[in-house]
Amino acid sequence: MYFCPMNIEHFLSESISSIINELFCLTSSVNEIILQKTKKEFEGDYTLVTFPYIKASKTSPEKTGELIGEQLLKNNTSITKFNVVKGFLNFTLSNNFWLSEFKTISHQENYGIKPAKSSGKQIMLEYSSPNTNKPLHLGHVRNNLLGYSVATINKTQGHDVIKVNLVNDRGIHICKSMLAWQLFGNGETPQSSGMKGDHLVGKYYVIFDKEYKKQVQTLIEAGTSKDDAEKKAPIMLQTQEMLLKWESSDKEIIDLWKMMNGWVYDGFAISYNKLGVDFDKIYYESNTYLLGKEVVQDGLAKGVFYKKDNGSICIDLTKDGLDEKVVLRSDGTSVYITQDMGTAIERFKEFPTISQMIYTVGNEQDYHFKVLFKILEKLGYAWAKECYHLSYGMVELPEGKMKSREGTVVDADDLMDGMIATAKETTEESGKVTNFTEEEKEQLYNTIGMGALKYFILKVDPKKKMLFDPKESIDLHGNTGPFIQYAHARIKSILRDYNNTTDITISDNITLHEKEKELIKIQYDFAKILEEAANTYNPAVVANYTYELAKLFNQFYNECSVLKEENKEIKQFRIKLIETTANIIKNGMLCLGVNVPERM
RNA sequence: GGUCCCGUAGCUCAGCUGGAUAGAGCAACAGCCUUCUAAGCUGUGGGCCAUUGGUUCGAAUCCAAUCGGGAUCACCA
């Protein structure tokens, strides 16, 4: 059974609301009371801003604060003192109040995390969605980490999250790699070349592009216009021919397609595994790209769509602040949004119990999803308002945007390997792993390297574009994943020395050290942080929280000794306090897909 | 041109459902290891929160305009 410690803010607000109502003849409700945590420079735990009440109190902000403060003190034994600075009433909760809060927190194995599937809400979350013509790069890394993390965070709220991947495995761009391999590959395979499958296919995609440019140039030199040359380059015509063959299920082409996609999937499996992401279901566009055509007919009958003179079918969204959008070409074939409509409808049919659909896709497609959701709404699907575009900003490099054609993309595999290598280097220098086995060492390097990478990316608000500076990303100091992992390892080291933490009962006679109280307060926040992160689809909230927690622990560690504390009751309390801290650090980091080591 | 997003310390980012003297990390400088892991802790310097106006007792936060940067507006995906 999950239970929350007493909701402090709610209990205080209730008390304050009844006081000001009585004192100033107001009829405020609990929700209108705005409480905030007292700033560090002032004494107190919580602060009430009294400016809003000076009209009713007909006196100064200071006096108003005094009046409320005196009443609070009288009515609540858990409030021990207060002070007023201008319009701010700061009051302090008793030692035992915080101690009892801590007991509630520490008695739960996973404070703040609700049991799996306990909320009754089911969410489908799509992320990753790679193309099978090239390996994953830094942009995909942000997508994957974000999707996985948001899924994990939503699970902590008791939601049932179905993680899905929609693989773009067909189309003209896939044929480009296939054709280039056919023309220039000489039968090269991942086995024969020792190259990872997705990289091998990506290599031919690049080769295609080079050859294509060359042919276009030749045509231009022969007097063809640029536009014509780009359309008529032989290799491009061949590609289009190949796509037609694919669509008519030509056996040779299908076999080639299956073989090369198989290479790519083998490669992706390795990258996904290293990234630590997984899926409950994988969709392939080769199976879904024809979906949505019946829906277009349906919408036409309903009058949502209309047919233009040239035969194409459109929707007019100008009244909704959007434009006119084609949903079916004049030759009757689908456009991209057609299959997105069909796929969404199909998913809600296949999983009738899902109440929300989240798409993890970059913000360059903001407009696309606005249109998609609007169309679904107009078609009359009630769940359309539960569709959410988890839009994230682009990842940029110090030298600017990544351009695959200019070879400035950061490859996901190289990136991960580089991070792990750096972790290895730094760890070896520290000389802390001399008694580790080889397997333990490898695992630790992996944990630290991937922890650094994941934290670096997830600590930034997903909505914002982010700069990826390789030099900065491999830093293991300060606001980084390894900093937090280190705090965890330090705690575990103490707990190992202490041995048995299970039969500790926390004494009621402990005077809290300042840092101990701060630790309890921040631990208490964890449940709310998870809720907020889930509601706003924002792993950065959890990342920044976990960093604050680790930083606070380090301060505590510096000021208070645990094992050398002579008072047995304090020592036992501190053991429990750091045990809970480690647990929250671990659970917070797991929300980001980051593991924490026992030793480092 | 229309629509949308973003401008906070030298750099990377928090803070944005309005509240006290705007916070971290990196970089720079100065301290702290015979004491539970120094991947740590403490301190110093560094800011017209892009600009201007408005709303308010109170604006980095809300509104408008301007400037600067980006995305998008295909019978592409």
Side-chain angles (χ1 to χ4, degrees), chain A residues 34 36 38-42 47 49-52 54-55 61 85-88 90 131 168 170-173 285 289 308 310-314 318 321-340 362-368 370-371 391 393-394 396 398 401 423 426-427 429-430 432 448 452 456 459-461 463-469 471-473 475-487 489-498 540-541 543-544 547-548 550-551 553-565 574 578 599-600:
Chain A
I34 301 156
Q36 49 193 282
T38 304
K39 293 217 169 190
K40 252 191 144 184
E41 312 87 86
F42 302 93
T47 297
V49 181
T50 60
F51 289 113
I54 54 173
K55 261 182 204 158
V85 182
K86 291 189 276 186
F88 300 88
N90 308 313
N131 294 346
N168 188 318
R170 63 160 291 279
I172 193 83
H173 51 297
E285 285 198 6
Y289 81 107
K308 286 184 122 179
N310 61 14
S312 64
I313 298 175
C314 299
T318 49
L322 303 165
D323 296 317
E324 185 182 72
K325 177 77 191 170
V326 171
V327 294
L328 209 61
R329 293 192 189 104
S330 47
D331 64 1
T333 57
S334 299
V335 290
Y336 193 71
I337 205 159
T338 320
Q339 64 164 302
D340 269 357
N363 66 5
E364 76 272 12
Q365 293 200 40
D366 283 355
Y367 180 76
H368 171 78
K370 265 188 201 166
V371 172
S391 163
M394 294 293 100
E396 290 173 14
K401 272 191 272 187
T426 313
T427 307
E429 273 171 26
S430 77
K432 286 175 181 173
I448 296 172
F456 186 82
K459 74 175 172 183
V460 182
D461 187 335
K463 289 193 292 291
K464 299 189 176 175
K465 71 173 196 287
M466 69 170 290
L467 185 95
F468 187 88
D469 186 344
K471 280 200 292 286
E472 215 177 298
S473 71
D475 195 350
L476 311 182
H477 303 269
N479 189 357
T480 66
F483 173 97
I484 299 167
Q485 291 172 323
Y486 184 66
R490 275 176 143 184
I491 295 174
K492 287 296 177 170
S493 167
I494 299 173
L495 295 178
R496 271 194 302 277
D497 288 345
Y498 186 81
V541 170
N544 289 320
Y547 170 64
E548 289 301 324
K551 196 164 63 163
F553 165 75
N554 280 332
Q555 290 167 6
F556 163 82
Y557 182 89
N558 224 256
E559 291 185 31
C560 304
S561 181
V562 178
L563 295 174
K564 299 205 169 82
E565 171 58 42
R574 286 183 179 166
I578 64 168
R599 297 185 289 161
M600 71 185 274

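No experiment lies behind these values; they were computed from the predicted model shown.
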- Ignoring backbone atoms, test whether K86(A) places a side-chain nitrogen or oxygen under 4.0 Å from the OP1 or OP2 oxygen of U21(B). yes
- Message: Please pick, from U72(B), A38(B), G19(B), the nucleotide with the shortest atom-to-atom distance to any side-chain atom of E364(A).
- Response: U72(B)
- Could you tell me whether K432(A) contacts a base, only the sugar-phosphate backbone, or nothing, with contacts defined as non-hydrogen atoms closer than 4.0 Å? base
- Query: Closest heavy-atom contact between N363(A) and K463(A)?
  - Reply: ND2-O, 4.2 Å
- Item | Side chain of K370(A) - closest among C4(B), C36(B), C13(B) | C4(B)
- Would you say U42(B) has OP1 or OP2 under 4.0 Å from some side-chain N or O of Q555(A)? yes
- Message: Would the base of A39(B) count as contacting T480(A) through its side chain, where contact means a donor and an acceptor less than 3.5 Å apart?
- Response: no
- Looking at every strand, decide which applies to P52(A) at a 4.0 Å heavy-atom threshold: base, sugar-phosphate, or nothing. base
- Query: Is RNA chain B part of any stem, that is, at least 3 consecutive Watson-Crick or G-U pairs with both distances under 3.5 Å, and where?
  - Reply: B:1-7 with B:67-73, B:10-13 with B:23-26, B:28-32 with B:40-44, B:50-54 with B:62-66
- Query: Between F483(A) and A39(B), do the rings stack, that is, sit under 5.5 Å apart with planes less than 30° off each other?
  - Reply: no
- Query: Hey, is F88(A) stacking on A20(B)? Ring centres under 5.5 Å, planes under 30°.
  - Reply: yes
- Query: So, do Y486(A) and G40(B) meet the stacking rule of ring centres under 5.5 Å and planes under 30°?
  - Reply: no
- Task: Would you classify M466(A) as touching base, sugar-phosphate or nothing, given that sugar-phosphate means primed atoms plus P, OP1 and OP2, and contacts are heavy atoms under 4.0 Å?
- Result: sugar-phosphate
- Message: Mind checking if N168(A) touches a base, just sugar-phosphate, or nothing, with heavy atoms under 4.0 Å?
- Response: sugar-phosphate
- Query: Checking all strands, does D366(A) fall into the base, sugar-phosphate, or nothing category for heavy-atom contacts under 4.0 angstrom?
  - Reply: nothing
- Message: For a quick check of understanding: with a heavy-atom distance under 4.0 Å over all strands, which category does T333(A) fall into, base, sugar-phosphate or nothing?
- Response: nothing
- Query: Nearest-Å distance, CD (Q36(A)) to C1' (U17(B))?
  - Reply: 13 Å
- Query: Using a cut-off of 4.0 Å on non-hydrogen atoms, how would the nucleic acid contact of L476(A) be classed: base, sugar-phosphate, or nothing?
  - Reply: base
- What residues, two or more places apart in sequence or in another chain, satisfy side chain to side chain donor-acceptor pair (under 3.5 Å) together with S493(A)? none
- Query: Mind checking what makes side chain to side chain donor-acceptor pair (under 3.5 Å) contact with K308(A), not counting sequence neighbours?
  - Reply: E324(A)
- Query: From A14(B), A39(B), C36(B), pick the nucleotide closest to the side chain of S561(A)?
  - Reply: C36(B)
- Item | Below 4.0 Å: OP1/OP2 of U72(B) and any side-chain N or O of H368(A) | no
- Message: Any base atoms under 4.0 Å from K463(A), or only sugar-phosphate, or nothing? Heavy atoms, all strands.
- Response: nothing
- Nearest-nucleotide pick for Y557(A), side chain only, options being U37(B), A14(B), U35(B): U37(B)
- Message: With a 3.5 Å cut-off and heavy atoms only, can you find an N or O donor on one side and an acceptor on the other between the side chain of D475(A) and the base of A27(B)?
- Response: no
- Report the nucleotide, chosen from C16(B), A20(B), C26(B), that has the shortest atom-to-atom distance to any side-chain atom of K464(A). C16(B)
- Message: Need one value for N131(A): base, sugar-phosphate or nothing, where a base atom within 4.0 Å counts as base even if backbone is also close, heavy atoms only.
- Response: nothing
- Message: Between G58(B) and U12(B), how far apart are the two C1' atoms, rounded to whole Å?
- Response: 31 Å
- Check whether any side-chain N or O of R329(A) sits under 4.0 Å from OP1 or OP2 of C76(B), and answer yes or no. yes
- Query: Would one find a side-chain N or O of R490(A) under 4.0 angstrom from OP1 or OP2 of A38(B)?
  - Reply: yes
